[in-house]
Amino acid sequence: MINSVFDKIDVLVAHNAKINEDWGQLEILLNSYPGFHNDIEELYKQLNEEGHGYLIVKEQLNGQCISLCELEDYENSSRLIIQINKLNLIRKESYKLQFFYNKECFSEWLHKLAPFSFLEFEKIKIVVNGLRTKCIGPNIVIGNTENINFSDIVITAPEDIVSKNVIVPKGFHFNYSKLFVNNLKTELIICEDIKNQMLMLCAASLCAAIVSEICDDQITVIIRGQKRVELKLYNQGDKISLETITLLKLVFDWLYGEGVNHIAIKHKLLLDRISLDLNTSSSLISQLKAILNDAFVQAKERYGYILLDRQDAYVKELRLALKEFKSQADLYVSKQRTLISNLMRDVLAGLLLVGFTLFTKFTEIEKLKGHEGIINAIFKGLAAYFIISSLMQVVNDIIDMVLSNRELRYWSNNMSSLWPKNELQLHRKKVLNKRVVSVIAIYLMVIILYIFIILLSWNFPNLWANILSDDTYLNGTFIEVIRKLVNV
């Protein structure tokens, strides 16, 4: 436990040792006394047990390093410096651990910390000796012992989502998830400045995700609502309560907790109301208690009205979209029916052409001999007619459906923002996909039939010549010949 390290340092401080400390180093100024080397060795061992064995001892006068095994030689009237390197944080299972022995040094470091200083750690516990304030959040814990659990409240909005709605300087990093504190308890009034500074850092990090723009100095912010307001985000010494932090968290979750949908609308509604009440002579954080709650309530009410209007518009556009999709589906159905009817028409026209223009003029089958040229011209022309007819239908239908699909895509792309593209594609697939599959299947079947008819018509003169060359076909009536031909 890191508190055992504090106990070892207490022994040195009891012999009038002086402490200088910041985030990266703890320095102990010590005059030697009988048995001091044992106390330093005990401190070194305890640090090693914590996984933090970065301790060196120097002489104050010449800065010469002294090994631990030589400390006993400096027991008489020596002035020493013990340096503990704290830059390499103590690693635990799911977090890192930092410590401050001197509470005043910790308070001084905390007041120098900027809200947007990029901290490399994801989760950290800071143990401060003698601190009577507990600051607890999902990613940071500050207290007098490491046996304090992190809060189970989680801020999940990614920084890139917030950055799309807030203009920030180059190299700026949000710290709202790392500095957020939702549970804070103060037992002694002496720690009030530490409590307030921690709340101020938390409020500043959350407010940064709500304003319109953060200026290059990372202190001045711009709010663009009903009017443009430029003011400081915070001033040193601003007072803020835990209740205001809780309200800020509710506002943050309302803005970014539902994903990327409607963030810009909610952001604009909130800033419209806030901008009307702000005083540029004071910082934003100092005015939050007076204006934030009313602005938040009004923004939610206005957002509810907007959602109702958008729902009505959504229903109207849904009906329009389904109507357009139905028209497209009807187009596919009509193409199927037209294609089948045209096939039947062409077959019937071919039968009538052959039946009424050729065979009705002959009473006996043998009289067809000598007219092979006419028969060849008739059936080759019939095959050419089938080819032209099928090509014209296919080309016309393809052009018609391509243009119709382009018009549908153009209409879809110009619909209002109420329609996400993936939702529009889902409705389109449900309505049209089966129709497209059926049209393709019918077209393949009809094309195969057309190819069969064309080949039959083109090769029929040769088949007819074979029939006439066979005497068995010349001994009966035309009906008998057809029956024999079918049985071949």
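Since we're looking at a predicted model, the values are computed, not measured. Only this structure's heavy atoms are used, side chains among them; waters, hydrogens and symmetry mates stay out.
Atom-to-atom distance recorded for Ser212:OG and Lys268:NZ is 8.5 Å, nearest 0.5 angstrom. Interatomic distance, OG1 of Thr145 versus NZ of Lys125, reported as 8.0 Å (0.5 Å rounding). From Ile126, atom CD1 reaches atom CD1 of Ile2 across 12.5 Å, with rounding to the nearest 0.5 Å. Once rounded to the nearest 0.5 Å, the distance linking OG of Ser94 with NZ of Lys123 reads 5.0 Å. Here the straight-line distance linking atom CZ of Phe6 with atom CD of Gln46 works out to 11.0 Å at 0.5 Å rounding. Atom CD of residue Glu41 and atom CG of residue Asp39 lie 9.5 Å apart, to the nearest 0.5 angstrom.
The minimum heavy-atom distance between Leu248 and Leu206, with the atom names listed, is CB-CD1, 3.9 Å. Here the closest non-hydrogen pair linking Val166 and Ala209 is CG2-O, 3.8 Å. Listed here is the closest heavy atom pair of Asn85 and Gly24: OD1-O, 3.3 Å. Leu255 and Ile263 get closest at one heavy-atom pair: O-CG1, 3.3 Å. Nearest heavy atoms, Val141 versus Asn149: CG2-O, 3.9 Å. Nearest heavy atoms, Ser283 versus Leu231: C-CD1, 4.0 Å.
Partners of Asn102 under the side-chain hydrogen bond (donor to acceptor under 3.5 Å, both in side chains) rule, at least two apart in sequence or in another chain, do not exist in this structure. Contacts of Lys92 classified as salt bridge (Lys or Arg N to Asp or Glu O under 4.0 Å), with partners at least two apart in sequence or in another chain: Glu50, Glu146. Residues satisfying the side-chain hydrogen bond (donor to acceptor under 3.5 Å, both in side chains) test with Glu42, not counting sequence neighbours, are none. Contacts of Tyr95 classified as ring-ring contact (aromatic ring centres under 6.0 Å, His included), with partners at least two apart in sequence or in another chain: Phe150. In this structure, the side-chain hydrogen bond (donor to acceptor under 3.5 Å, both in side chains) partners of Arg224, at least two apart in sequence or on a different chain, are Glu213. Taking the side-chain hydrogen bond (donor to acceptor under 3.5 Å, both in side chains) definition, one finds that Thr220 meets it with Asp217, sequence neighbours left out.
The closest side-chain heavy-atom distance from Asn144 to Arg132 is below 4.5 Å. Side chains of Ser241 and Leu199 form no contact here, defined as non-hydrogen atoms less than 4.5 Å apart. A 4.5 Å side-chain heavy-atom check between Ile19 and Ile28 finds at least one atom pair inside the cut-off. Two residues are said to be in side-chain contact when any heavy atoms from C-beta on lie closer than 4.5 Å; Ile222 and Val211 fail this criterion. You'll find the side chain of Ile223 reaches within 4.5 Å of the side chain of Leu284, heavy atoms only. When side chains are defined from C-beta on, Asn129 does not count as touching Ile9, because their heavy atoms never get closer than 4.5 Å. When side chains are defined from C-beta on, Val13 counts as touching Tyr101, because their heavy atoms get closer than 4.5 Å. Ile285 places a side-chain heavy atom less than 4.5 Å from the side chain of Cys207.
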| request: Go through Leu47 and Leu43 one step at a time and tell me if the side chain to side chain contact (heavy atoms under 4.5 Å, CB included) criterion holds. | output: CA-CA 6 Å; Leu47 284 170; Leu43 174 60; 4.3 Å; yes

| said: Does Asn31 form a side chain to side chain contact (heavy atoms under 4.5 Å, CB included) with Asn16? I'd like the steps, not just the answer. | reply: CA-CA 8 Å; Asn31 292 323; Asn16 299 320; over 6 Å; no

| query | Between Leu12 and Tyr33, does a side chain to side chain contact (heavy atoms under 4.5 Å, CB included) hold up when you go through it step by step? | reply | CA-CA 10 Å; Leu12 300 176; Tyr33 58 87; 3.4 Å; yes

| task | Show your reasoning for whether side chain to side chain contact (heavy atoms under 4.5 Å, CB included) applies to Phe99 and Leu26. | result | CA-CA 10 Å; Phe99 65 91; Leu26 170 61; 4.2 Å; yes

| Step-by-step salt bridge (Lys or Arg N to Asp or Glu O under 4.0 Å) determination, Glu108 to Lys112 | CA-CA 6 Å; Glu108 183 180 350; Lys112 292 179 180 179; 3.4 Å; yes

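In this structure a side-chain-to-backbone donor-acceptor pair under 3.5 Å is present from Thr246 to Leu242. Remark: the backbone N or O of Gln226 is paired with a side-chain donor or acceptor of Ser275 at under 3.5 angstrom. For the pair Asp294 (side chain) and Ile291 (backbone), a donor-acceptor distance under 3.5 Å is absent. Remark: the backbone N or O of Lys300 is not paired with any side-chain donor or acceptor of Arg302 at under 3.5 angstrom. Although no hydrogens or angles enter the test, the distance criterion places a donor-acceptor pair under 3.5 Å between the side chain of Asn196 and the main chain of Asp238. Judged by distance alone, with hydrogens and angles left aside, the side-chain atoms of Glu21 form no donor-acceptor pair with the main-chain N or O of Phe106 at under 3.5 Å. Put simply, the side chain of Lys86 gets close to the backbone of Asp22: a donor and an acceptor are under 3.5 Å apart. Side-chain atoms of Gln83 never come within 3.5 Å of backbone atoms of Gln25 as a donor-acceptor pair (strictly under, hydrogens ignored).
Few gaps surround CZ on Arg228; more than 12 heavy atoms of other groups in view lie less than 6.0 Å from it. Heavy atoms of other residues, nucleotides or ligands lying less than 6.0 angstrom from NZ of Lys232 number 12 at most.
For the ring pair (Phe, Tyr, Trp, His ring centres under 6.0 Å) test with Phe296, the passing option among Phe252, Tyr303, Trp254 is Trp254; the others fail.
Between Phe100 and Trp23, the angle of the ring planes lies from 30° to 60°, which puts this pair in the tilted group.
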